[in-house]
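A note on names: the letters A, B, ... follow the listed sequences, proteins ahead of strands, and every chain is numbered from 1.
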Amino acid sequence: MLSKHFSEHNFVSGHTACAGCGQALAARLVVDAAGKNTIATNATGCLEVFSTKAPQSSWNIPWIHSLFENSAAVGSGVESALRYLGKIDKVRVISQGGDGGTSDIGLQALSGMLERGHDVLYVCYDNEAYMNTGIQRSSLTPFSANTTTSPPGKVSTGNPKLKKPLVEICSAHHIPYSASASVGYPQDLQRKVKKALSIRGPKFLQIHCPCPLGWRYEPGLTLEIARLAVGSGLYPLIEYEYGKLTKVFKIPKPKPVEEYLKLQGRFRHIVNSQEEVAKIQKIADKNIDYYQLK
Amino acid sequence: MKKFLEGSQAVAKAVKLAKPGVISAYPITPQTHIVEGLAQFVADGELKSEFVNVESEHSAASAVLGAEACGVRSFTATSSQGLILMSEVLFNIAGMRLPVMLVCANRALSAPINIWNDHQDSIALRDSGWIQFYAENHQEVVDFILQGYKIGENPKIMLPVMVCMDGYILTHGMEVVDIPSQEQVDKFLPPYNPPYKLDIDNPLSLGLLGDPTVYMETRYAIQDTLNNDVLKLIPQVSSEFESIFGRRTLKLVETYKTEDAEVILVAMGSVAGTIKDVIDEERSKGKKVGLLKIVTYRPFPKEEVFNILKQASRVGVIEKAISLGSDGPLYTEISALFSGEKNSPQISGFIAGLGGRDITEKTIQTVIELVKGKKTSCIFMDLNKELLWEDFRVI
């Protein structure tokens, strides 16, 4: 099935995302920064579902969704076709997916795309759980977060694992550019998209996208929460070029993680425990030290 | 030009003549020689294609999906586990109405792991919306690929095509095969020009969410295209092919000495050759036996199958696949055609050649004898009874 329409933005309103959806905002920032000469592939997930219910579509650039785990592989095929057609210098390819579609089920296809050196920017919209199926844990769900498959209980304090270091995993493919961004800092985000697309070869960008429904906070707080994640050191904004850390988003006065945690229902079970909050503060401190964020 | 070629090399040459812009595949026995041949053509500059060495069959199918969506002709090949790993994408490709070409080197499915021939892999994909042709020999494989592109890419059709060739028997066997000239193929097969594609000058969204208000119509549309348009188009394309290449190989079904046959055997793929030899012998003894070879399995040519079989008194369906817990899929479908018919032949089903077990002339002769007896639905031929003790169930 296909759909067609016209607007100024490359991703337009009228879709069915929840109020305050960080991913919808991030997607618009990405494709607007990318420009009209872009073809996007999309993994199955919230973004695909809320933007393209037949016969409508929010995409004002050529866009294709196939399956959950193959956005990077479809992107590889699109890029190869453009190369064959002699259009690879004129048309940019962006492959997109959520955190589950990228870091779990789609990781093999992503690794293959990066390793083969396709001229594709892969964008991972990281809302830190499988939101489309109703808030299940992914390998990018943060430590202690309450999801429906990592619930707190008598012997559990929520998700027992740390986030998978996906920016580093992609960077380890020795690609020209691997970075993280946040929907809370739109200018930085769009600069990174433009920078990535100015480079030929495989690129990776992971964007932190708060989810009011899944994280359980008031929809008006999306940007504030996104900034607190960065400002506390829990979501470092970093840039790698050919495997080397070249730039970080500085946070001279890091905020205590508690300020970030207390706004979200997914951390409600630990915010009153000094011991549990301290564990998360340790993660932030480690990031601040490791990436020299101060 | 006639050449003595391995089946896989013949496939590579046929695909080269079709000039796909993107080829993507993953190694699997016994398919691998096909893409090795194509990789060499690309490496030698004889074929100007993007050859994408993917990390799995799932990604191979996904890459050709992406290429095809950009309006670029593509090719992939696989076998057995690879086809099953692709299966999620294959259903998706058909639903997205993208005319990908896939050659399946038919091989048994694991477990136990077995690299030899049967039809279980592609039969498992029969419900996917792909057009499926089953080849008897190298010439048919070559011809089906060229005609398959033309049929699948027809703007009225826009469906993917799977050309099925028996693993090892055809992929590794050597035969004389007529490889057409590029001029002939160019005359027959126009460049791919799809009615929709990913294009920055005309931005379309492909692969939308189809809720309960539209999903059924998309399924109906595929069914309608297969059962009406494809069944009509195959003979037309075959005639056009014949006018340029001088032979008619792609059919819905092929008959061999069925005109006055009392017993008609039904089969698909390379075993048809063995069956024809047995039929010649039987005929020399005055026995009226014939063969109905199913060439086009999807869409299933119900009318043709019915009209040919209705004249026989006995029908024996020999197949290299089984719906475990039921009967052979082809037997079931053929039986359904005669459901409620007064003058139905007696139809019996036989499972043979699973996991590469040889189907010999003796196997076929035994089937003919059994067909003349009591109706049976699912007899396993050539079982080694000594191996059927309990401990053998787990290997």
Side-chain angles (χ1 to χ4, degrees), chain A residues 1-6 10 16 35-42 44 48-85 87 90-93 95 108-113 115-116 118, chain B residues 19-24 26 48-74 76 86 88-89 91-93 95-98 100 192 195-211 213-215 217-218 221:
Chain A
M1 285 191 286
L2 42 124
S3 173
K4 182 180 173 180
H5 63 95
F6 305 93
N10 292 332
T16 59
K36 293 273 178 217
N37 293 350
T38 306
I39 295 177
T41 75
N42 215 127
T44 306
E48 165 264 325
V49 170
F50 70 62
S51 69
T52 60
K53 184 174 163 299
Q56 296 171 319
S57 170
S58 281
W59 302 92
N60 214 1
I61 54 171
W63 178 95
I64 182 168
H65 157 251
S66 166
L67 295 163
F68 199 178
E69 67 274 53
N70 68 353
S71 183
V74 173
S76 301
V78 167
E79 186 258 12
S80 300
L82 291 171
R83 204 170 281 283
Y84 172 75
L85 294 168
K87 293 182 179 173
K90 291 180 203 145
V91 185
R92 301 276 76 88
V93 182
S95 290
Q108 176 183 316
L110 172 61
S111 174
M113 183 277 279
E115 173 274 322
R116 291 188 298 271
H118 292 284
Chain B
K19 300 178 185 167
V22 174
I23 298 166
S24 186
Y26 188 79
K48 301 228 174 313
S49 292
E50 294 297 321
F51 192 96
V52 190
N53 270 312
V54 280
E55 80 295 338
S56 73
E57 284 91 353
H58 196 284
S59 284
S62 302
V64 292
L65 182 158
E68 205 73 36
C70 292
V72 171
R73 182 176 289 156
S74 66
T76 188
M86 276 186 184
E88 187 196 21
V89 192
F91 275 80
N92 192 247
I93 286 170
M96 294 182 77
R97 307 299 296 255
L98 296 170
V100 169
Y192 178 39
Y196 42 82
K197 62 181 177 184
L198 296 171
D199 177 5
I200 53 168
D201 296 324
N202 182 25
L204 294 175
S205 294
L206 304 172
L208 310 191
L209 170 70
D211 74 5
T213 64
V214 298
Y215 184 85
E217 285 71 17
T218 68

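For chain B, the option among A:Ser76, A:Gly75, A:Ser71, A:Ala109 with the highest count of heavy-atom pairs below 4.5 Å is A:Ala109. Most heavy-atom pairs under 4.5 Å with chain B, from the set A:Glu115, A:Arg116, A:Arg83, A:Glu48: that is A:Arg116. Taking chain B as the reference chain and counting heavy-atom pairs below 4.5 Å, the highest number among A:Val78, A:Val74, A:Thr38, A:Leu67 is found for A:Leu67. Taking chain A as the reference chain and counting heavy-atom pairs below 4.5 Å, the highest number among B:Val52, B:Val64, B:Thr213 is found for B:Val52. Ranked by non-hydrogen atom pairs under 4.5 Å with chain A, the options B:Glu55, B:Glu68, B:Lys48 are led by B:Glu55. Considering only heavy-atom pairs separated by less than 4.5 Å from chain B, the leading option among A:Ser111, A:Ser66, A:Gly112 is A:Ser66. Note: B:Ser62 leads B:Ala63, B:Ala67, B:Ser62 in heavy-atom pairs under 4.5 Å with chain A. With chain A as partner, the option from B:Ser49, B:Cys70, B:Gly71 having the largest number of non-hydrogen pairs under 4.5 angstrom is B:Cys70.
For the pair B:Tyr26 and B:Ala60, the tightest heavy-atom approach, listed with the atom from each and the gap, is N-CB, 4.5 Å. Nearest heavy-atom pair across B:Met96 and B:Tyr196 is O-OH, 4.0 Å. Closest approach of A:His65 and B:Gly207 over heavy atoms only: ND1-O, 2.9 Å. Across A:Val49 and A:Thr16, no two heavy atoms sit closer than the pair O-OG1, 4.4 Å.
The closest side-chain donor-acceptor pair between A:Trp59 and A:Thr52, if any, does not fall under 3.5 angstrom.
With sequence neighbours excluded, the residues forming a side chain to side chain contact (heavy atoms under 4.5 Å, CB included) with B:Asn53 are B:Phe51, listed by chain and number. Every residue meeting the side chain to side chain contact (heavy atoms under 4.5 Å, CB included) condition with A:Tyr84, not counting sequence neighbours, appears here in chain and number order: B:Glu50, B:Val72.
Of the options B:Asp199, B:Ile200, B:Asp201, a side chain to side chain contact (heavy atoms under 4.5 Å, CB included) to A:Pro62 is made by B:Ile200 and by none of the others.
Contacts between A:Ser80 and chain B at a heavy-atom distance below 4.5 Å involve backbone atoms as well as side-chain atoms. Contacts between B:Ser24 and chain A at a heavy-atom distance below 4.5 Å are absent for every atom of the residue. With a 4.5 angstrom heavy-atom cutoff, A:Ile61 touches chain B only via backbone atoms. Proximity to chain A (any heavy atom under 4.5 Å) is restricted, for B:Val22, to the side chain, taken from C-beta onward.
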